[in-house]
Amino acid sequence: MEKDPLLSEANVPHQVVAEAFITTPTPQDNLDSPAAWAAPDGKRWVITTAKKSGELVVFDGDTGERLRTVGGKGAAPGQLDRPNGVSVVGDMALVVERDNHRVQAFSLPDFTSVAVFGAEDLKKPYGLWAQQKEGGIEVIVSDNYMLGADEETVPPLAELNQRFRRYQLVRQGNAWKATLKQTFGDTTQAGAIRIAESVYADADNDRLLLAEEDVPTGTRLREYRLSDGRYAGRDVGAGLYKAQAEGIALLSCKDGSGYWVGTDQFKDRSLFHVFDRKTLAHVGAFAGKVTANTDGVWLDARGDARFPQGVFYALHDDQAVAAFDWRDIAAALKLKECAP
C-alpha cells in the first residue's frame with residue numbers, strides 16, 4: 001500500500017500558525033467544505049457540507065459553536081446526497097451534491113430550497129465557485145467523471161472537455177431558473193484537469209484557478225481565463241505541492257492587491273500556500289498546529305470584534321472546522337494589511 005505523504009517528512013519551509021479554534025469533532029458527519037455568511041443579527045455563520053449525513057451543519061463563525069443542521073439524505077428539494085462543495089453569494093447558499101449529480105440553491109437565513117439544477121448535465125460534480133453577475137448568479141461547477149467499474153480511471157485527454165460547466169441563475173418570482181451557458185475543459189497535456197474538485201475565480205483579473213489533484217502528472221493549480229474558460233498557459237505551485245492540491249480561497253483588497261491561499265492536503269497537517277493575487281508569486285506557507293487532511297477552505301474578509309481583519313476556515317480531517325485569525329497568518333508570513 002502506498003504511503004500517505006506527510007508534512008513532517010516533506011521538508012517544505014513553512015510557518016506554524018495556531019488555530020483560533022477547532023469545532024467539536026463529529027466524525028459521523030464526514031464534513032467536506034465550509035462557506036461563511038453574515039447573518040441578519042451581525043453574527044458570522046459557517047455553513048459546512050456533511051457528506052455522510054447528507055446535511056448542512058451550521059456553526060457560529062466566531063466561537064465554533066454548532067448552531068443547527070439542515071437537510072437530510074434524499075433526492076427531494078431540501079434534501080441532499082453527499083454534498084461536497086458549497087459557496088455563499090449574497091443571501092444564497094449553493095451546494096454541489098455528488099450523488100444526486102446536481103447543484104441546489106438555498107435562500108438564507110431560512111434554508112428554503114429555491115433551485116435544483118444540473119442533473120441533466122453533471123455526472124460526478126464536486127466543487128463550485130459563484131459570483132453575482134448580470135442581475136443573477138454565475139456558477140462554475142467541476143465534474144470529476146471517471147472511467148472503469150471503480151470510477152477511478154482518468155479519461156483520455158480528448159474526453160476531458162466537460163470537466164467544468166458554467167450556469168447562469170436568474171430569479172423568477174420566489175424561485176430561480178438555471179441555464180447552462182458553457183461546458184469547457186482543456187484537452188492538451190499541459191492544460192487538462194485530470195482530477196477536478198476545487199474551483200475559485202478572481203473576476204477582476206479574469207482568472208479562474210483550478211486544482212489539478214492528479215499526483216502522477218504533477219498536482220498544482222492551473223490558471224484558466226474566467227471569461228472564456230480557456231487554459232491561460234500558466235500553472236501555480238508546480239513543484240511546491242507535494243501531497244494533493246485541494247481547497248482554494250482568495251483575499252481581495254480594496255486597492256486591487258490581495259492573496260490566494262491554496263491547500264496541500266497532507267494527512268498529518270495540512271499546508272497552506274499563499275500567493276500574491278496579481279503576480280501569483282509564492283509569498284510563503286503556513287500550517288496549523290493540528291489541522292490536517294483538509295478538503296474545503298473559505299476566507300471571510302469581513303472584520304468583527306473576534307476577527308477584525310477576517311478569518312480563514314479550513315476543514316480538519318473530515319470531522320471539524322478550524323478557524324485561523326487572518327492577523328496571525330499575516331504576522332507569520334509578514335503580509336501587508338489588507339483593506340477588504
Presence of salt bridge, [Y] and [X], under 4.0 angstrom:
X: Arg98; Y: Asp32; answer: no
X: Arg102; Y: Glu97; answer: yes
X: Arg66; Y: Asp29; answer: yes

Item to complete: Please indicate whether Lys289 has more than 12 foreign heavy atoms, meaning atoms of other residues, nucleotides or ligands, lying under 6.0 Å from its NZ.
Response: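 No, NZ of Lys289 has 12 or fewer neighbouring heavy atoms, counting only those of other groups under 6.0 Å.
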
Worksheet item: Does a sphere of radius 6.0 Å around CD in Gln28 hold more than 12 heavy atoms from other residues, nucleotides or ligands, not counting ones at 6.0 Å or beyond?
Response: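 More than 12 within 6.0 Å, yes.
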
Worksheet entry | Glu246 (side chain) donor-acceptor with Gly296 (main chain) under 3.5 angstrom |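 Checking the backbone N and O of Gly296 against the side chain of Glu246, no donor-acceptor pair under 3.5 Å is found.
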
Worksheet entry | Distance (rounded to the nearest 0.5 Å) between Glu213 CD and Leu210 CG | 11.0 Å

Item to complete: Give the cluster check for Ile22 versus Phe324: same hydrophobic cluster or not, with ILVMFWY residues linked at side-chain heavy-atom distances below 4.5 Å.
Response: no

Worksheet item: Are Ile137 and Ile140 connected in a single hydrophobic cluster, I mean Ile/Leu/Val/Met/Phe/Trp/Tyr linked by side-chain heavy atoms less than 4.5 Å apart?
Response: no

Discussion item. On the six-membered ring of Tyr145, is Arg163 placed so that its NZ or CZ lies under 6.0 angstrom from the centre and within 45° of the ring axis?
Written reply: yes

Discussion item. Checking side-chain polar atoms at under 3.5 Å, does Trp326 have a donor or acceptor matched by the opposite partner on Asp300?
Written reply: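 Absent: no donor and acceptor within the cut-off.
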
Practice prompt. Indicate whether the side chain of Ser227 and that of Asp206 have a donor and an acceptor atom separated by less than 3.5 Å.
Written response: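 There is such a pair between these side chains.
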
Discussion item. Applying ring pair (Phe, Tyr, Trp, His ring centres under 6.0 Å), can you list everything that pairs with Tyr259, at least two apart in sequence or on another chain?
Written reply: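 For Tyr259, no residue satisfies ring pair (Phe, Tyr, Trp, His ring centres under 6.0 Å) once neighbours in sequence are set aside.
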
Worksheet item: Could you go step by step and tell me if Glu19 and Thr291 meet the side chain to side chain donor-acceptor pair (under 3.5 Å) rule?
Response: CA-CA 8 Å; Glu19 294 86 348; Thr291 305; 2.8 Å; yes

Worksheet item: Can you name the one residue among Phe117, Trp129, Trp176 that meets ring pair (Phe, Tyr, Trp, His ring centres under 6.0 Å) with Tyr167?
Response: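 Answer to the ring pair (Phe, Tyr, Trp, His ring centres under 6.0 Å) test with Tyr167 among Phe117, Trp129, Trp176: Phe117.
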
